[in-house]
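For reference, the structure discussed in these notes is given below.
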Amino acid sequence: MPEDLKPDSNFYIGLCMAGAVSAGAYTAGVLDYLFEALEEWQKRKDAKVPGTPMHNVVIPVIGGASAGGMTGIIAASAINNPMVHINEPSSKLLAEHPENKLYHCWVDLLSEDMFTLLLDTSDIKKSDITSLLNSSFIDKIAENVLIADKQNWKETPAFISKNLKVFTTLTNLRGFGYNIAFNTGESFGKYYMNMHNDYACFILEDNDAKGWIPLDFKNEVNTSIARDAAMATGAFPVGLKSRKLVRESKYINESPWCQEVTKNFPIHEQTYESLNIDGGVINNEPFEKVRDVLIDKSKQKDEADYQDFNKFTSTVLMIDPFPSEKPKDFIPDQQLFKVMLSTLDTFFDQMRAKPVQLTDALDTSKAGQFLIAPTRKITINGEVKSLAGDTAIACGSLNGFGGFVNKEFRVHDYFLGRFNCEMFLRNYFTIPAEAVENNEIFKNGYAEVDKELFKGKSNTYQIIPIFKPEPAEHYFPIPVFSSGTNWPVINEKQVQRYKGKVKKRVQAFFMNAAELKGINKLLLWIGTRILLNRQVTKFVMNKITGALKDHHLIK
């Protein structure tokens with residue numbers, strides 16, 4: 001049933017997708033299964049199939065950072081076009097699937113071998129080096145992905161709000177200036193500062209929401225801004241090219257998330273141009289902003305209500321391929337390079353700190369937030385081990401860049417994302433049995449339905465019903481890879497073939513880093529060829545092979 005017919009029966013889910021680099025393939029798999037499950041449920045409700053739970057689930061907001069923000073914009077561009085869900089690999093494991101935009105963007109990319117594109121030197125120009133790796137592939141993907149299929153346009157699914165809000169976090173290097181006044185006997189009475197935490201916010205089919213840029217893929221309204229925002233939030237610092245974003249200033253001035261500055265220090269020029277790097281640097285899991293939108297949509301402002309299973313009408317569903325882990329014991333090592341690394345970690349930790357009450361953070365019974373993260377079992381040296389987080393995904397090596405080394409890694413993570421989502425919806429994205437009787441949405445939804453068919457773990461019932469029969473005990477729908485197992489492993493020779501390309505890029509980097517002529521240029525060429533190039537290349541190759549070995553991805 002469309003969301004506007006029975007608003008009181010709606011349960012709202014806000015999607016929050018964390019940064020992931022190439023592990024966006026995992027997030028894509030999770031979303032693909034989630035949308036498939038919602039479509040199947042909607043078909044049964046529309047056909048009035050007996051025994052179908054009749055409550056409504058509606059997604060009014062998708063927010064994310066880095067690869068998560070990019071995936072959110074991709075998903076928004078796909079909801080009005082047919083999408084064939086890739087629920088099993090084709091006979092050719094590495095076949096492309098343009099019929100599924102999520103798969104095509106994150107698994108197919110532009111090539112099976114993306115690392116060669118990243119090492120290509122065509123982007124390096126004299127005194128104009130923009131990143132350690134060639135980022136031009138991102139432009140090509142972004143240019144194609146946001147093109148809508150106007151000939152096969154379909155109505156927005158009932159489980160997606162027609163006024164869907166989509167946002168990405170940005171680390172804005174220009175920032176928003178403000179000052180603090182101080183009493184002083186001197187002429188300097190102001191303390192000048194900048195806020196660099198920024199958001200690119202879009203809304204579908206609505207021109208009146210203050211602070212949200214209207215986005216219409218069918219008529220190509222502001223799609224170029226959405227494209228630039230997607231590239232900006234994914235601009236991994238130093239590794240990938242920084243990105244410019246131009247917006248009308250009113251959308252920043254009116255944004256509730258920027259008004260702590262812009263209310264008193266508005267941007268006066270008509271358009272505002274920012275230079276941005278990865279949105280995950282400052283806010284990699286913007287679940288608190290997703291909650292803001294849910295509060296506005298559900299009108300349930302009291303935290304005691306939306307964190308109570310008996311009363312809640314919305315929840316945040318976070319998809320995080322790299323969930324945070326308990327920090328290791330801190331060693332107070334004063335060695336310079338150790339202090340430098342600790343300093344960077346401190347900056348990032350402090351910038352990402354969330355403004356939540358510690359008492360709330362410690363409460364595990366909260367109904368207002370759920371998390372999907374990678375989990376799987378793998379056989380290592382004959383021993384079966386349970387893995388979680390970045391160690392459970394093949395793209396988790398090399399700080400998330402590992403998926404660019406081999407397409408099989410991305411295929412694995414996509415199907416693991418689908419599997420994890422299925423198990424999560426079946427067993428853990430649930431409401432306690434007693435709350436079903438107290439919460440009006442689920443009490444009405446499950447009326448005259450055999451709830452036992454939709455039972456989760458520990459006497460709970462599914463929020464999104466899954467209609468496929470309960471799978472067998474050892475159900476694990478992950479393909480068999482060239483390794484002969486369901487965990488992709490490559491030969492070290494496949495990595496060593498990059499040595500020449502790394503060497504070429506390192507030399508091009510040094511030779512073009514400064515304007516040199518004559519004997520100075522010759523001396524630099526000799527130095528890079530004999531010493532620097534060799535040492536840097538060796539260092540890079542050792543890092544790549546070491547990271548893949550640590551991740552059990554290399555023979």
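Quick note: residue numbers are just sequence positions, from 1. The shown structure was predicted, so the numbers you read here are calculated from the model rather than taken from an experiment.
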Q) In a check of ring-ring contact (aromatic ring centres under 6.0 Å, His included) between Y103 and each of F35, Y26, Y414, which one passes? A) Y414
Q: Work out which heavy atom in A388 is nearest to a heavy atom in T375; give both atom names and the distance.
A: CB-CG2, 4.2 Å
Q. Does P60 offer a backbone N or O that forms a donor-acceptor pair with the side chain of S161 under 3.5 Å?
A. no
Q. Does a donor on one side chain sit under 3.5 Å from an acceptor on the other, for S77 and K101?
A. yes
**Q.** Electrostatic pair R247:D198 at N-O distance under 4.0 angstrom
**A.** yes
**Q.** Among L118, V536, L132, D123, side chain to side chain contact (heavy atoms under 4.5 Å, CB included) partner for R505
**A.** D123
(Q) Any non-hydrogen side-chain atom of T545 less than 4.5 Å from a side-chain atom of Q496? (A) yes
Q. Any side-chain heavy-atom pair from F415 and N486 closer than 4.5 angstrom?
A. no
(Q) Looking only at the side chains, is there a donor atom on one of Y428 and Q462 sitting less than 3.5 Å from an acceptor on the other? (A) no
Q.
Has S483 got a side-chain atom pairing as donor or acceptor with W487's backbone, closer than 3.5 angstrom?
A. yes
Q. Can you check whether I203's main-chain N or O pairs, donor with acceptor, with N163's side chain at less than 3.5 Å?
A. no
Q: Give the C-alpha distance, both sets of side-chain angles, the deciding distance and a yes or no for side-chain hydrogen bond (donor to acceptor under 3.5 Å, both in side chains) between E99 and H104.
A: CA-CA 8 Å; E99 68 275 17; H104 197 50; over 6 Å; no
Q: Would you mind listing every ring pair (Phe, Tyr, Trp, His ring centres under 6.0 Å) that reaches into residues 135-159, with sequence neighbours excluded?
A: F137-F404
(Q) Under a 4.0 Å threshold between the charged nitrogen and the carboxylate oxygen, would R426 count as salt-bridged to E470? (A) yes
**Q.** With P321, the side chain to side chain contact (heavy atoms under 4.5 Å, CB included) member among I393, D413, V30
**A.** I393
Q: Spell out, as yes or no, whether a donor-acceptor pair under 3.5 Å connects the side chain of N276 to the backbone of A232.
A: no
(Q) Walk me through whether M114 and S22 qualify under side chain to side chain contact (heavy atoms under 4.5 Å, CB included). (A) CA-CA 10 Å; M114 289 298 299; S22 66; over 6 Å; no
**Q.** Expected output: side-chain H196 to main-chain N172 donor-acceptor under 3.5 Å
**A.** yes
Q.
Quick check: closest heavy atoms across S90 and H97, and the distance to 0.1 Å?
A. OG-NE2, 4.1 Å
Q) Counting only N and O atoms by type, is there a donor-acceptor contact under 3.5 Å from the side chain of Y498 to the main-chain atoms of V405? A) yes
Counting only pairs under 3.5 Å, give me each side-chain donor-acceptor contact of residues 65-75, with atom names and distances, residues two or more places apart or in other chains.
residue	atom	partner	partner atom	Å
S66	OG	D278	OD1	3.3
S66	OG	D278	OD2	2.9
T71	OG1	A67	O	2.7
T71	OG1	W106	NE1	3.0

Q. Do the side chain of K407 and the main chain of L94 share a donor and acceptor less than 3.5 angstrom apart?
A. yes
Q. Can you tell me if D149 and N81 form a side-chain donor-acceptor pair at under 3.5 Å?
A. no
Q. Any idea which heavy atoms bring D390 and F322 closest together, and the distance?
A. CB-CD2, 3.2 Å
Q: Compare all side-chain heavy atoms of T485 with those of T379 and state whether any distance is below 4.5 angstrom.
A: no
Q) Is R497 salt-bridged to E492, going by a charged N under 4.0 Å from an acidic O? A) no
Q) Between the main-chain N or O of N491 and the side-chain N or O of Q494, is there a donor-acceptor pair closer than 3.5 Å? A) yes
Q. Within the side chain of R174, is there an N or O that forms a donor-acceptor pair under 3.5 Å with the backbone of E273?
A. yes
Q. Between E408 and S482, does any side-chain donor sit less than 3.5 Å from a side-chain acceptor?
A. yes
**Q.** Row check, F467 ring normal vs R44 NZ/CZ: under 6.0 Å, within 45°
**A.** yes
Q. If we only count heavy atoms from C-beta on, is the F419 to F476 side-chain gap below 4.5 Å?
A. yes
Q) Looking just at side-chain N and O atoms, do E288 and N283 make a donor-acceptor pair shorter than 3.5 Å? A) yes
Q: Would you sort out whether F236 and F401 count as a ring-ring contact (aromatic ring centres under 6.0 Å, His included), showing the intermediate values?
A: CA-CA 10 Å; F236 193 90; F401 280 83; 5.0 Å; yes
Q. Would you say N284's side chain and G19's backbone share a donor-acceptor pair under 3.5 angstrom?
A. yes
Q. Salt-bridged, D228 to R243, with N to O below 4.0 Å?
A. no
Q: May I ask you to check whether T116 and D113 show a side-chain donor-acceptor distance below 3.5 Å?
A: yes
